[in-house]
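The next block holds one structure in the form of structure tokens; read it before the comments.
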Amino acid sequence: MSFRYLLFDLDGTLTDPKEGITKSVQYALAAFGVEEPDLDRLTCFIGPPLVDSFMEFYGFDREKARQAQAKYRERFAEKGIFENRVLPGIPELLRRLAGAGRVLALATSKPEVFAEKILERYGLAAYFTQTVGSGLDGSLGTKAEVIVEALRRLKLSPEEKRQVLMIGDRKHDIAGAKACGVASLGVRFGYAEEGELEAAGADFIAGTVEELGAFLLGEPYIKEEQNS
């Protein structure tokens, strides 16, 4: 099956944002008297909407979670946004996809204004026809809403929507795609827990950037065997 319109998640799919996100979450929690010295315990915040994560993982009510989100953004906007790195092989993959006529759009739960700055900083912006993220005002607060907006901006016909694939590393990407009636592909090189993508019902799964590229471009993929 060939997909022409590719919606990419950002965190954990194109970049590794662990340092910036976890340190900003740590900063926000400290403002509420919660000390968390182990950043590895905060990787669960990578991918899902922040308000939901503060509620799920630390038991905050919605208002407190929104306040924590605001504290998070204090640090993230100044420091955390560029405590980040592009995953190896991603720039080459995006270049090949664009060259092969694929239409790329970013669909992230990260605020759109931050996502645009990250794409520009790391030289990825030119590959994307649209960059869609949440609003700082709380709009587009779910992945499904982000995907709906991406489809709207792409101005796709019903036939073209059948050629859309959402690519992400967490269950929220898969659930969002399902809610919007588009196909989904989960990548194992991000922050999904073992079995998470399968349980979410991903239509396809890629283990590496190379495997992802081969699938998207319709090329054979031969996995290199490690010497025993």
Side-chain angles (χ1 to χ4, degrees), residues 1-17 46-48 85-110 115 118-119 122-132 143-144 146-148 150-151 153-154 156-226:
M1 180 178 292
S2 177
F3 295 97
R4 185 183 180 202
Y5 303 95
L6 307 176
L7 308 183
F8 279 90
D9 175 47
L10 179 60
D11 294 337
T13 302
L14 301 179
T15 69
D16 182 352
I46 300 175
R85 67 180 181 88
V86 179
L87 293 172
I90 287 298
E92 294 79 7
L93 171 59
L94 298 179
R95 183 164 54 248
R96 292 182 67 207
L97 290 170
R102 304 301 192 271
V103 178
L104 312 183
L106 194 76
T108 175
S109 291
K110 185 181 292 299
I118 291 168
L119 292 183
Y122 295 107
L124 303 180
Y127 300 117
F128 291 91
T129 301
Q130 298 289 340
T131 299
V132 184
K143 199 53 176 269
V146 169
I147 294 172
V148 166
L151 297 176
R153 294 189 198 178
L154 289 170
L156 303 183
S157 69
E159 175 61 32
E160 289 171 327
K161 287 182 181 179
R162 288 194 278 271
Q163 300 177 54
V164 172
L165 180 68
M166 177 68 216
I167 302 157
D169 70 314
R170 299 299 309 275
K171 62 185 178 182
H172 309 83
D173 300 303
I174 309 306
K178 286 185 175 299
C180 297
V182 301
S184 61
L185 184 151
V187 297
R188 295 190 196 280
F189 49 81
Y191 283 90
E193 297 179 0
E194 185 173 354
E196 176 179 329
L197 298 170
E198 292 86 347
D203 295 304
F204 309 97
I205 294 179
T208 65
V209 173
E210 292 74 21
E211 187 178 349
L212 174 62
F215 176 82
L216 296 177
L217 290 163
E219 300 173 346
Y221 174 72
I222 302 175
K223 186 176 180 179
E224 293 185 7
E225 297 293 339
Q226 293 185 351

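Side chains are part of it too, since the values below use all heavy atoms of this structure and drop only hydrogens, waters and symmetry mates.
Rounding to the nearest 0.5 Å gives a distance of 9.0 Å between CD1 of I167 and CZ of F3. The distance from the OG1 atom of T108 to the CD1 atom of I118 is 8.0 Å, given to the nearest 0.5 Å. Interatomic distance, CD of Q130 versus CG of L154, reported as 5.5 Å (0.5 Å rounding). We find the CG-CD distance between L6 and Q163 to be 10.5 Å, quoted to the nearest 0.5 Å. Here I205 contributes atom CD1 and I174 contributes atom CD1; the two are 7.5 Å apart, rounded to the nearest 0.5 Å.
Scanning all heavy atoms of the two residues, the minimum distance from A144 to C180 falls at O-SG, 3.4 Å. Nearest heavy atoms, P17 versus G12: CD-N, 3.8 Å. Taking every heavy atom of both residues into account, L217 and A100 meet most closely at CD2-CB, 3.7 Å. Nearest heavy-atom pair, A177 versus S184, reported as atom, atom and distance to 0.1 Å: CB-CB, 3.7 Å. The heavy-atom pair separating V132 from A150 by the smallest distance is CG2-CA, 3.8 Å. A214 approaches P220 most closely through the heavy-atom pair CB-O, 4.1 Å.
Between D173 and L7, every side-chain heavy-atom pair lies at or beyond the 4.5 Å cut-off. Looking only at side-chain heavy atoms (C-beta outward), T15 and L10 come within less than 4.5 Å of each other. With contacts defined as side-chain heavy-atom distances shorter than 4.5 Å, the pair L106/L14 qualifies. A 4.5 Å side-chain heavy-atom check between L216 and R102 finds every atom pair outside the cut-off. Between V187 and D9 there is no side-chain heavy-atom pair separated by less than 4.5 Å. Side chains of F8 and L124 form no contact here, defined as non-hydrogen atoms less than 4.5 Å apart. Side-chain contact check for F189 versus L212: some heavy-atom pair is nearer than 4.5 Å.
With M166 as the partner, the side-chain contact (heavy atoms from CB on, under 4.5 Å) test is satisfied by one option alone out of L185, D203, I147: I147.
Looking at D169, its side chain does come within 3.5 Å of a backbone N or O of Y191 through a donor-acceptor pair. Side chain of K143 to main chain of A107: a donor-acceptor pair is present (N/O by atom type, distance under 3.5 Å, no hydrogens or angles). Between the R170 side chain and the P48 main chain, no donor and acceptor come within less than 3.5 Å of each other. Of the possible donor and acceptor atoms, one in the side chain of E211 sits under 3.5 Å from a partner among the backbone N and O of G207.
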For residues 87-96, which side-chain N or O atoms pair as donor and acceptor with protein atoms under 3.5 Å away, sequence neighbours left out?
| from | atom 1 | to | atom 2 | distance (Å) |
| --- | --- | --- | --- | --- |
| R95 | NH1 | Y127 | OH | 3.4 |
| R96 | NH2 | E219 | OE1 | 3.0 |
| R96 | NH2 | E219 | OE2 | 2.5 |

